[in-house]
Every structure is written in structure tokens, then in C-alpha cells.
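Below: the structure, in C-alpha cells.
Quick note on labels: first sequence line is chain A, next is B, and so on, each numbered from 1.
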Amino acid sequence: MGSFGIPLFPEQASTFARDVDALYFFIIAVSGFFALGVTVAVIVFGIVFRRRHAGEVGARIEGNLPLELAWSIIPTMISMVMFGWGASSYFHMRTPPAEALNIYAVGKQWMWKFQHLEGQREINELHVPVGRPVKVTITSEDVVHSLYLPSFRTKMDAIPGRYTHLWFEATKVGEYHIFCTEYCGTNHSGMIGTVVVMEPNDYQAWLAGGGVEGTLVERGQRLFQDLACGTCHLDTGKGRGPSLNDIVGKTVALADGSTAVVDEGYLRESIINSQAKIVQGYQPLMPAFQGLVSEDNLVALVEYVKSLSPQATTTAPAAATAPAAPAADPTKKK
Amino acid sequence: MSNAVAHAEAHGHAVHHDALQHHFETMQQQKEASTLGMWVFLLTEVLFFGGLFFAYLLYRVWYFDAFAEASRTLDISLGAFNTAVLIGSSLTMALAVRSAQTNQRSATVRWLISTIVLGCVFLGVKVVEYADKFEHHHVPGPHFISESPWAAQEQLFFSLYFTMTGLHALHMIVGVGIMSVITWMAAKGKFDEHYYTPVEMAGLYWHFVDLVWIYLFPLLYLVERHN
Amino acid sequence: MLDTLKLPERHYLNNGHGLKSWLLTKDHKRIAIMYLISISVMFLIGGLFAAAVRVELMTPEGDLFLADTYNKMFTMHGVVMVFFFLIPSTPAVLGNFLIPPMIGAKDLAFPRINLLSLYLLWVGAAFFFYALFAGGVDTGWTFYTPFSSSASNSNVVPTALGAFISGFSSILTGLNFIVTIHRMRAPGLTWFRLPLFVWAHYATSLIQVLGTPVVAITIVMVAVERMFGFAIFDPVRGGDPVLFQHLFWFYSHPAVYIMILPAMGVISEVVSTFSRKTIFGYSFVAFSSLAIAVFGFLVWAHHLFVAGISTYSAMVFSFLSFAVAIPSAVKTFNWAATLYKGAISFETPMLYAYGFFGLFLIGGLTGLFLATLGVDIHVHDTYFVVAHFHYIMVGGAIMGYLGGLHFWWPKLTGRMYSEFFSRISAILVFVGFNLTFFPQFMLGYMGMPRRYHAYPDEFQVLNIMSSAGAAVLGVGYLLPVLYFLWSLKRGEVAGPNPWGASGLEWQMPSPPPTENFKEQPVVHGEPYEYTPHVAREANLV
Amino acid sequence: MSGHVSPKSLYYSIFGALMVLTAITVFAAFLNLGAMNAPLALAIATFKATLVVLFFMHVKYSSRLTKLVVTTSLFFLAILLGEMMMDYATRGLGVIPPPLQ
Ligand code: HEA
Ligand code: HEA
Ligand code: CUA
Ligand SMILES: [Cu+2]
């Protein structure tokens, strides 16, 4: 790809790429039209109406209301098209399909750490299968970073203290750049890596090749024991803390009268800073694990707690988002 | 604003007042310019504090319990006392402006001095409160100590508490400074019923400082006092 | 005709000699000249940092500077250019000099405050230089937390205080303009007879007084966090680092209009003068300035599309970002229409105006790419953004500023510069500029992130083009310094109105006397009157 | 040109009102009004602020321009608080807007 040896476009390696590029070309066309129109107009006027003798003055034209209206309304309407198209692709990019593969990414000065549910952990390298939606849950251990996959046309900031998400579906086997695009200090430009898109079989083989510590859930379970979470969180619900079975996807009532939906962000907050949201009927007894659990381990804990809600994590959300999936479909067919 | 006209020479008369600067045509124009300038300045102040208030609002919604807990450690009687003092100083300030308008020189000076005194009382109480915070290690940072389960988020509260009240106190110190100059000018008889803009401008500033406190008091001291 | 002209005997430049007569002056014109010198120095310094950035980026490896040094280079480049050069540029130099005469006043409403705001800029710059010599700062001009508040170990607080103080300078300038424009207009000069330059500055001032305080308090919050260990944005104690971004951009998006609106005001004056025609759709151009100022406050979070804001608010902010583009569109079309049936001549200021059209169009239109959610996800924080804002800030705002400087130089100094060299420089700037920054759009879409000290090899060709362009651009910017200095002694005497322009300021002698007008002018007509009759009176024929 | 001179009694009664309102705020803070505590406190504060602005700061008797400046500041303050809150308030709503679901 490219012209005169100068590359012009990054590779199109995800389902988003065509969509985003098409939108890009549309805006180029509109902009080109206006830019050329105005440029040609001012040049032509400059030649045709050039001053011919020193005392010449221009015609007295004060303005023209219909013209003013036309050139405010037409650009408004055109820009609404851009807005609508841009917004719909944004929604698409922000709505991971329910069946997406879950991968966790933790940014840290200056590296990317990825964890697969199967237990594989990697640094500055991310292996994903082709043709399957992948959802990456992102956070940071220190400052703000941003996970950027140019060939997939997507990026998302990694924010300390929070989970953010991005998703993509790779369409081409190959190796592509990973960049950190939020300035994060000295070695910001070194915080780069490679995303390796593999055939599903190769991916399975690759997954099988590692995971000495067991799957993410297993690691989480071990942590759960090591940190003695189970002393309070009994399955019976009779412990000092609420039972953690089947809570994901549900709405919990909080002590201050409000409610919260249990998702990964909520679980993370409940562990690291449990006092922020107190479950109704319980005391703020749970110690804050802030600083005691690294982001990597938190991810494992969260996955483990999620695994205690088997319906929610497999069937329930799929049902909830099922109607959205077909809506996303048209953009998927190439 | 006020210092733009601060060099004014006094004892004027309506036609061509000595306090009129060369680039203005009339006293009326000069006064209107100062008034507008002062109001625009206060407008910037509103947005200045606006940013802080938003931070406060957000964290209070997020960490209500922590804020309630931290707020209970503030001394409500000192806070209420200070509110009364500050409102009182607004009254004396308003009366000072009124005396200037009606050309009562000694009354102007008297009210201005009362305002300064009340302002200093407020600052004094603030010093007592701050000292108490230091003593109890309620200053956010490495030395912060709190028994409550919300220790971390309480630091957000105290950070905002110190920033907000600190900036407010800074405004008061500036105000007391300005007021001292104005009192001195008033004592020297630089103002009359045609020219009292500096007193009026100082007044607007002082009332604004009062306004900020009117919000700070319930937001900081009264987050949740029942139970 | 010009040989018969003489400089006036008494004018603001020779009314008082010695340093003290300058440093303690209350004359808006002298203050403007001091601003001119100050910001020119800052521009050269900022430009040197840019040159360093461009030299480093000629090769993919980070070989010339250490990564830390590079980070400090672009940070200080951005800080200097934004806070100490572009924000003060047109308003504090040209606005300061011209607003009083344009409205028939002797001075700004608060001359001492005007001087104070110059001093504040100096104090702010002093803080910045302290930070520079103490080892620099490496946060990027955006000071994002928690990097700035807890991770960086460079001189964040002095730099931030420098920006804070220069912000106060900016607030005071804006305040002064607002009051002056409201209260000091000559009899007969109604709002709709004001030059569009004044309208543009009025809108600019609104942003300055409304936006700057918010960034000031944000800086204070970062400073207390850094200095005292307070927690406001600290995620470890529950703070939200993204809150900083909201507060920062609440100011910094409107601030980009502080940079462009005054330049737009200049363009209105220049286009009208050099086509000898009234501005097409005067009231639309005037109101679009206000609309930009007000709408400009509604769109800040378009810098946060991938920063974890909610999907809904991203929609709203994207939508509003398109809305803010419309008034700019209106302005552009009206300028083009003004040329229609004009009597157009191409002296240097007009060349700059034409350059402005081309570059502002590209810069503004690429703003639409960024405002489009789907595209911004891809190009956010890549060189596409860098190219966008250089097109507007360097291509648009500086072209406008330089055009204005050439346009009013005879008024400022009483003398003409070399028309030959100034045209060369205008062309060099235009060509060099495009060579520097157009490749960056391609780099950005290719995916090259900004603030990168080293980059993958495939980006090198475009980077070399960009660096080559920067050298041309540097020469283009250096030339004016030379011929302007030359003109001070050798330039032809310009006379009060060398361009045959219609504004009130051209009725003063050049350079003007300290009090601007001997008699308070009274305005009877509309702005931009170019009838043959007026032309004759202005000695055009 | 002395501007509006308010009677002293007005100032004293405004002062009295402000003191009473302060007392009410403190008193109300000790009542358990559930979710209403904060809105009430803010409403009282706003009422007090209005009194100060209108009477102590003479806005009631000031030019239209002054009133305009006051409203402008409130307008932009509302933008600041409102638009930022909009982001935070809608973050919890998930990604798919209900109508599209
Ligand atoms: C003077 C400075 C200036 C100006 C005037 C603008 C003007 C605009 N900017 Fe720009 N911008 C910056 C300086 C500026 N910007 C800077 C410095 C940054 C990055 C900061 C950083 O991160 O360091 C930035 C970043 C930036 C972003 C964030 C990008 C990102 O980080 O991901 C966005 C997103 O929406 C944006 C949009 C716009 C828009 C829509 C306009 C509009 O106002 C443009 C309007 C003009 C036109 C549209 C052209 C004329 C119109 C026509 C010819 C008619 C045709 C029009 C239509 C069909 C609508 N800008
Ligand atoms: C008014 C604002 C302004 C101006 C005028 C400029 C002017 C220039 N800028 Fe910059 N720029 C910014 C505002 C501005 N910039 C901002 C806000 C950033 C973001 C910073 C951040 O990320 O935090 C940025 C970032 C930025 C980058 C990205 C760095 C990165 O992300 O890693 C680059 C890279 O090319 C760049 C280049 C240039 C160049 C080549 C010029 C040229 O136009 C400069 C030309 C001027 C001179 C060269 C000096 C004068 C001439 C001489 C002294 C002669 C001698 C010199 C030579 C012969 C070379 N700028
Ligand atoms: Cu991590 Cu940049
Ligand atoms: Cu912006």
C-alpha cells in the first residue's frame, strides 16, 4: 500500500478498519469540496477583480441574506451526516459483542501486560485469534496510558483506578503495532509492542503452550484463599460479608439508598476500596485491599468472582445484548 | 478596578473632578468603567471557584459517607460563628459604602475599620481551626491519620477543605489589605459624594468573598450532621 | 508621492526617552511595543525547541537526545508557544495598540492594569525560565494527571505557576478590552459600526475572562497535590484523574479560539482594505465571533473521546463540536464573498490573508475529522492531531498575526518595510509550512503517535519531509525580523494611511501621538466605507 | 451621580434575614431529611447569596449591563457544572442506550 514509496494507510486488519476508512474518505471528499471551492473562488476573484488603477474601489455590496442562510444551513446538514455516521461507528466500537473473548491489559510505565483467561500472560505482545471478537479490559498501575492498535483503528485510554474497554475483531493473520498513545513519561515511545493475529487453531495451540500458573480463574481462586476472602464471604450468605455467588449482572441495593450494577468495574472497586459502595444490610467491615493487590492479581480476583456467577457470565448478558448483535452485523459483512 | 482610580486627588466638584483621569471624558464614564471592570473581575472569580466546587460536588456524590464522616470532625460552632462574623462584616461594609455615598467621612472610616476588624476575627478563627487540623493529623498527605474505614477518601475531603478555605482566606487577606488602603484614603478625605468608587469597588469584592463563604459553610461543615 | 511625507515631530515613540519612560508608561501603544518584543523573543525560543524536535525526528531511532530531553523539548515548545506566544500575540500587541484608536479613545480603560498585565507576563515567563534552567519540565503542555501530580520528577510546579501567572495577564487584558469596548467608544460609534477587529477582540476577551480562571484553579489543584501531598486527582485515594482533563479542556478548548479569533479579526480588516470593499455580511461576521466564543465553551470533551467519558456525553460533545464549526464556515464564506467585485491588490498583508485562507481551511476542516467520533478514536493523539492544530495555530493564527503586523507596521513605526523581502517571506512561510505539516496528516493516519521520541522505520520518509519543511519555515520566519529591524531606520516614511484604509486608526498620524487624537473623533458613517469620494479624501488618487 | 442610596434599615433587615437563614441552615442540618438535606442547604445558601447580590451589592439598582454580567457568570458556571456532571452521571448507564437496545 502506498504511493511513491510513501505509505499512506495502515493495514486494514479489523472489521472496523473499512468502516473507519470509508468514513474518513467521505470526510475527505466533503472537505476537499469546500476547501477547493473556497480556494478556487478566492483565486479567481483575486484575478478577475484585481485592482487596475490606484483610485479604484470595490462595489458596495452589503450582504445577502439567502446566501448567508444557505451557507450556514448546508454545512450544518452535511456535518450532521458526519456526526451521525461517526457516532454510529463509535457505538459499534464501544459495544463489545457478548460472545467476545476476554483479555485483560494492564499498562505500567513502560510496558503492556496482557492476561488471557486461560492463564497465559505476556508483555508487550498480544496473541489473538482471527475472526473472533476480542474484548480487552484495560487499566493502569500508575499513570494514564492509551492502548492503540492502528491496524484495527481502535484505541482506549488505560486509566489508573478504573477499567475501560475496547474490542475488535481481527480479519487478517499477521503482526501489527501496539502503541501507547497517551504520554506517560520518559519511555512513552518505548511502550510499544506487537499484536499477533493467529489462525484459531494456532491460537489454541499457543494458549496450550503456557499457563503454568493455571487459568486466570484458578489464579484468582488461589488469591481468594491466600487473602482469606472466604472467611467473610461464605457461600451461605451468613458470613460477615455477602455471598458472592450469582451477583454479576445483578443490581445491588446500597446502604445509602442508591443501587449499582455489578460489573467488572464494580467488583474491582469493591475489592480495592470496598467502602466506596456498601451493600445494604452489611457493615463497612471489609478491609480496603488498595496497595495490597496488584492490578494483575486484581484482574484474577475479579475473574474468579465472576466465575461464581455462571449464568450471568455466559448466558444472561448474551441474552440481554442479543438484539444488539444483529444491529452490529451489517458492518461485519465485508 | 479600584487601584486604577486609586491615585485620585480629592476635594472635587462635579464639573471637572480632580479624580478624573485624562483618558476619560466624564466622571460618569470613569465610574461606569470601574464598576464594569469590577463586575467582570468578579465574574472571573465565580468561574475560578466554580472549578473547585465541581471537584467537591463530584467527590461528595461519589464518597458521601467519607465526606459526611470528615465533615463531622469540623467544629460547627466555630463555623457558624465565622459565618455570622463574615455576614456582619458584609453589613458593616455595606454601611461603609453608604456613608461614603452620603459623604459622612468619619462614619465611613468607622465602618471600614469595623469591617477590617471582623475580617481579622474571621481569619483568627480560621487559624485556630487549621491548628486543630494539624494537631489531629487531619491534613492530607503522608501524616494523615484517620480511624474511619474511609480514610483514603476523607483525604479528598480535607484536600478540598484546605484548598477551598485556604483560597477563601487568601482572598480575605487581600481584601483586608485593600481595605486598609481605602480606609487610609477615606481618612485623608479623598472621597466625597461624587467620588467614592474605590470604597464601592472594595465593597463589591468583600461581598463576593462573603458569597463564597455562604456556600462553603454548609458544604463543608454540614454534610451530614444528624445521627 | 511618498517622498513628500515626513514623520510627525512628536509621537508616542519619542515622547519620553530612556528605560524608565518605557517601563513606567501607561500608554497602550508603548505597552504594545513591549509586548511585541517580548513575544517575539518567546517565539524564537519556542521555535528553537521545535527545531530540536524536528531534528531528532529525522531518524527513527532516538539518537540525538535522551528520551527525557526530547520530552522536555516538546513540552517546553508547547508551553512557550501557547501560553507565552500565541495567546498574548495578536490581542496584546495589535489589539492593545489598535483598539483604543479604532474606537476613538485615548487609551484603554485601565492603563495601569494594562501595564500590570505585561509585567505579569514577564513574571510568568520568569517562572518558566526558572523551570527551564532548573532542568525543564516533561509533562506535555497539557499537564495530565496523575503523571504531572505524582509521577513526573521535573519542574512541574514552577512551570504551572508560570502558566498560571501568564493566565492572569491574559485575564486582565481581556477585562481591560471588555470595559474599554463597552465604555470608551467615541460618540456615534455604535456597536454595529465597530470594526470587525474590535468585535473579534471582544469575543476573545469574553473567553479570556470566562475560561482562564478555570485553568487557573486547575493548576492550583495540581500544585497543592504536588507540593503538599493533597489528594484531588490522585486515583490511589479515590480521585479521578480524568477530572483534571475535563477542567483543563474547559479552558483549553475555548483557548484555541483565543488564539484564532483575533487573527480572524485581522483578516477581516485586511480583506476589506485590500479589496476596497465593505465586508460582505458584516453582522454575520460580527455575530459569528460571539457565537464561536459562546459555543466554544460547550465542546471541550472532544479531547476526551477515548479518555473513558460516557458514550452519551461523547455523542453530545461531538455534536456540539460540529455546531462550533458553523460560525467559522460563515466567516470563511463571507470573506470570500467580500472579494467578489472588489478592487483587489496583493501587497504583503493580503498575501498573508490568502495564506490564512488556505491553511485555516485545511486546519479547520481537519477539525471536523477529529470531531467525528469514529475517526477520532483512530487518530486521537497521533500526528494527525499535531498537524490539525499546527495548521490552525501556525497556519491560521500566525499567518493572521503576521499579516496584521505587516498591515499595521507603518502605523506602529511610521515606516514601510521592504515589499520585496516581505513577499518572499510570505511565500516561504506558506511553502515551508505545508511541507512541514502536510506529511504529518499522513503520518497520523498511518498511526504514528505524537510525543514519540523514536518511531518505527516506516514513518521516516514523511518525517524527513517534515523536518526539511521546518527549515524552510524557520527561514521564512527569520526574514521578517531582519527587514522589520531594517525598516526602523531605513524604511520609507509611510504617511498616515499608506493602504488607503478606512478605519479610524488610519486618521492618526503614523506613528501616532501619545493621546492618539487631538480632538475626540465623532463617527458619522458605517465602517469600511470605500466610495470613490472617500478614496479621494484618503489621498488615494 | 451618587448612585442609589439604600436606607440603613434595609441593610439591617437584610443582615437580620441572613442571620436567621444561617440559623435555619444549621438547624436543618441536624434533622434527618433523607435525600433532601443537601438540596435544602443549597437552596438556603442560594437564597442568602441572592440577598447579598441584590441588596448589599446593589445589583437590584444597577444598570442592565451589570445584571447581564451577573447572569453571564451564572450561565457559564452552569455550563461548567452541568456539562461535566452530564458525563459523570451517564457513565454508569452502560454502553447501549436503552432505545437502541
Ligand atoms: C487555534 C487553534 C484551534 C482551532 C481554531 C481549532 C478548531 C477546531 N478544532 Fe482543534 N485543536 C487545537 C487547536 C485548534 N482547533 C489544538 C491545539 C488541539 C490539540 C491539543 C492537544 O491535544 O495538545 C486540537 C484538537 C482538536 C480535537 C481533539 C483531537 C484529539 O486529541 O483527538 C478536536 C476534536 O474534535 C478538534 C476539533 C476542532 C474543530 C471542530 C474546530 C473548529 O473550530 C474548526 C472550524 C473551521 C472550519 C470547519 C473550516 C471552515 C469551514 C468551511 C470551509 C465550511 C465547511 C464546513 C462544514 C461542512 C461544517 N480539535
Ligand atoms: C502557537 C503554537 C505553536 C507554534 C507556532 C508551533 C510551531 C512549530 N511546531 Fe509545534 N506544537 C505546539 C504549538 C506550536 N508549534 C503545541 C501546543 C504542541 C504540543 C506539545 C505537546 O505535545 O505537549 C506542539 C508540538 C509539536 C510537535 C510534536 C512533537 C511531538 O508530539 O513529539 C512538532 C513536531 O514536528 C512540532 C513542530 C513545530 C514546528 C516545526 C513549528 C514551526 O512553525 C516553528 C518555526 C519557527 C522556528 C524554527 C524558529 C524561528 C526561526 C529561527 C530561529 C531560524 C533558525 C531555525 C532553523 C533554520 C530550523 N510541534
Ligand atoms: Cu504509556 Cu505512553
Ligand atoms: Cu478543542
List the atom of [X], the atom of [Y], and the distance in Å for their closest heavy-atom pair.
X: F76(D); Y: F250(C); result: O-CZ, 4.3 Å
X: F317(C); Y: E83(D); result: CE2-OE2, 3.2 Å
X: Y88(D); Y: V242(C); result: OH-C, 4.0 Å
X: R91(D); Y: G308(C); result: NE-O, 3.6 Å
X: F75(D); Y: V294(C); result: CE2-CG1, 4.5 Å
X: S310(C); Y: T90(D); result: OG-OG1, 2.5 Å

What part of L77(D) gets closer than 4.5 Å to chain C, counting heavy atoms only: side chain, backbone, both or neither? neither
Which bit of [X] comes within less than 4.5 Å of chain D, counting heavy atoms only: side chain, backbone, both or neither?
X: L210(C); value: side chain
X: L298(C); value: both
X: L247(C); value: both

Straight-line distance of M84(D) CE to L243(C) CG, nearest 0.5 Å: 7.0 Å
At what distance, to the nearest 0.5 angstrom, does CG of L80(D) lie from NE2 of H246(C)? 10.5 Å
For [X], is the [atom1] atom crowded, meaning more than 12 foreign heavy atoms sit under 6.0 Å from it?
X: K60(D); atom1: NZ; value: no
X: Y61(D); atom1: OH; value: yes
X: F319(C); atom1: CZ; value: no
X: F284(C); atom1: CZ; value: yes

Polar side chain donor-acceptor pair, Y312(C) to D87(D), under 3.5 angstrom: no
Hey, which of V214(C), L304(C), D240(C) has the most heavy atom pairs under 4.5 Å with chain D? D240(C)
